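Quick notes on the structure that follows.
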Amino acid sequence: MLYPVPVVMVSCQRPGEIPNIITVAWAGTVCSDPVMLSVSVRKERYSYGIIKDTGEFVVNLVTRDLVYATDYCGVRSGRDTDKFKEMKLTPLESCHVRAPGIKESPVNLECRVKQVIELGSHDMFLAEVAGVTVDTEFIDDGGKFHLNDTGLVAYSHGEYFQLGEKLGKFGYSVQKKNSGTKKK
C-alpha cells in the first residue's frame, strides 16, 4: 500500500539485438553516495534476461506525453515486438553503458548492476548510476534543471497520474520565518 510510486521505462539491449523497453513501477533511489537506484523485475520478463546478461540498463523518467508508450511497453513483450519502432520512440546513445536511453524522456539514468537480490515474485537489480542525460529544454539560463516542469507521472493502483501542485519544500516546516515581516 505504498502508493503512488514512480513509473519508469527501463531500456536495455544485448549487443547485436534490437533494444527493448520494460515498464517498471517498482523502482527507487537507494543511496546518494555512490548514487544508486533499484528496479525490480519478474524473472519471466524478456528484459530480465537482458539486464541479467548485460549488467546494464537505462531508467527513463515518464512524462504525460509518454504515458501511452509507457503502458504499451508494460503490456507487450519485447520477444516479439520492437517497442521503440511501434511507439515511435528514438533510441538515445548512452555515454557510459551500451543500452540506449529514450530520447523523448526528460531524464535518462545510465545504470550498471552491482547486485541482484532474489526477493520472490521479482528480483531487485541494485545499480550504480554511471551517467545522467537531461533534456536541455528544462535547463534555465543559469544552468538549473527544472525537473518539476517536465510533467512527471506516478502510478497508483493501476492508474497513471501526472504530478501536480507543489505543497512545500524540504525543510519548510522548520524554516525560520522572514524577519522582514511585521507581527500584528
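For reference, positions follow the sequence shown, starting with 1. Everything numeric in this text was worked out from a predicted model, so none of it was measured.
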(Q) Whether R112 and E128 form a salt bridge (side-chain N of Lys/Arg under 4.0 Å from carboxylate O of Asp/Glu) is what I want to check. (A)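 Here E128 does not pair with R112 in a salt bridge, since their nearest N and O are not under 4.0 Å apart.
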
Q: Run the salt-bridge test on E118 and K43 with the 4.0 Å N-O cut-off and return the result as yes or no.
A: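 Here E118 pairs with K43 in a salt bridge, since their nearest N and O are under 4.0 Å apart.
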
What distance do [X] atom [atom1] and [Y] atom [atom2] have between them, rounded to the nearest 0.5 Å?
X: L66; Y: D71; atom1: CG; atom2: CG; answer: 12.5 Å
X: N108; Y: N60; atom1: CG; atom2: CG; answer: 5.0 Å
X: R14; Y: I51; atom1: CZ; atom2: CD1; answer: 10.0 Å
X: F125; Y: K52; atom1: CZ; atom2: NZ; answer: 6.5 Å
X: C95; Y: E110; atom1: SG; atom2: CD; answer: 5.5 Å
X: K166; Y: N148; atom1: NZ; atom2: CG; answer: 8.0 Å

Could you see if [X] belongs to whatever hydrophobic cluster contains [Y]? Use Ile, Leu, Val, Met, Phe, Trp, Tyr and a side-chain cutoff under 4.5 Å.
X: V8; Y: V113; value: yes
X: V59; Y: Y72; value: no
X: I21; Y: W26; value: yes
X: V5; Y: V62; value: yes
X: V107; Y: V39; value: yes

Q) Do E56 and C12 have side-chain heavy atoms sitting under 4.5 Å apart? A) no

Q. Is any side-chain heavy atom of S38 closer than 4.5 Å to a side-chain heavy atom of L126?
A. yes

Q: Sort out for me which residue in I22, N20, T81 forms a side-chain contact (heavy atoms from CB on, under 4.5 Å) with Y46.
A: N20

Q) Does T150 reach the main-chain N or O of L147 with its side chain, forming a donor-acceptor pair under 3.5 Å? A) yes

Q | Check: C73 main-chain N/O paired with K83 side-chain donor or acceptor under 3.5 Å | A | yes

Q) Does any donor atom in the side chain of S40 or D123 lie under 3.5 Å from an acceptor atom in the other side chain? A) no

Q | Under 3.5 Å side-chain donor-acceptor pair for T90 and E104 | A |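 Yes, E104 and T90 have a side-chain donor paired with an acceptor closer than 3.5 Å.
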
Q | Candidate pair Y68 and M87, rule side chain to side chain contact (heavy atoms under 4.5 Å, CB included), full reasoning | A | CA-CA 9 Å; Y68 185 85; M87 291 293 98; 3.9 Å; yes

Q.
Please evaluate residues R42 and S121 with respect to the criterion side chain to side chain contact (heavy atoms under 4.5 Å, CB included), reporting the C-alpha separation (whole Å), side-chain torsions for both, the decisive distance (0.1 Å), and the verdict.
A. CA-CA 6 Å; R42 289 181 182 271; S121 64; 3.8 Å; yes

Q: Report the relative orientation of the aromatic rings in Y155 and Y3; use parallel for angles under 30°, tilted for 30 to 60°, perpendicular for over 60°.
A: tilted

Q.
Does F57 form a side chain to side chain contact (heavy atoms under 4.5 Å, CB included) with S11? I'd like the steps, not just the answer.
A. CA-CA 6 Å; F57 59 90; S11 48; over 6 Å; no

Q: For V35 and S32, work out which heavy atoms get closest and say how close.
A: CG2-O, 3.4 Å

**Q.** Nearest non-hydrogen partners of V67 and V153, listed with the distance
**A.** CG2-CG2, 3.6 Å

Q) Is it the case that more than 12 heavy atoms not belonging to E93 sit under 6.0 Å from its CD atom? A) no

Q: Using the side chain to side chain contact (heavy atoms under 4.5 Å, CB included) rule, take R98 and Q13 through it: C-alpha gap first, then chi angles, then the decisive distance, then the call.
A: CA-CA 7 Å; R98 290 177 302 263; Q13 182 177 19; over 6 Å; no

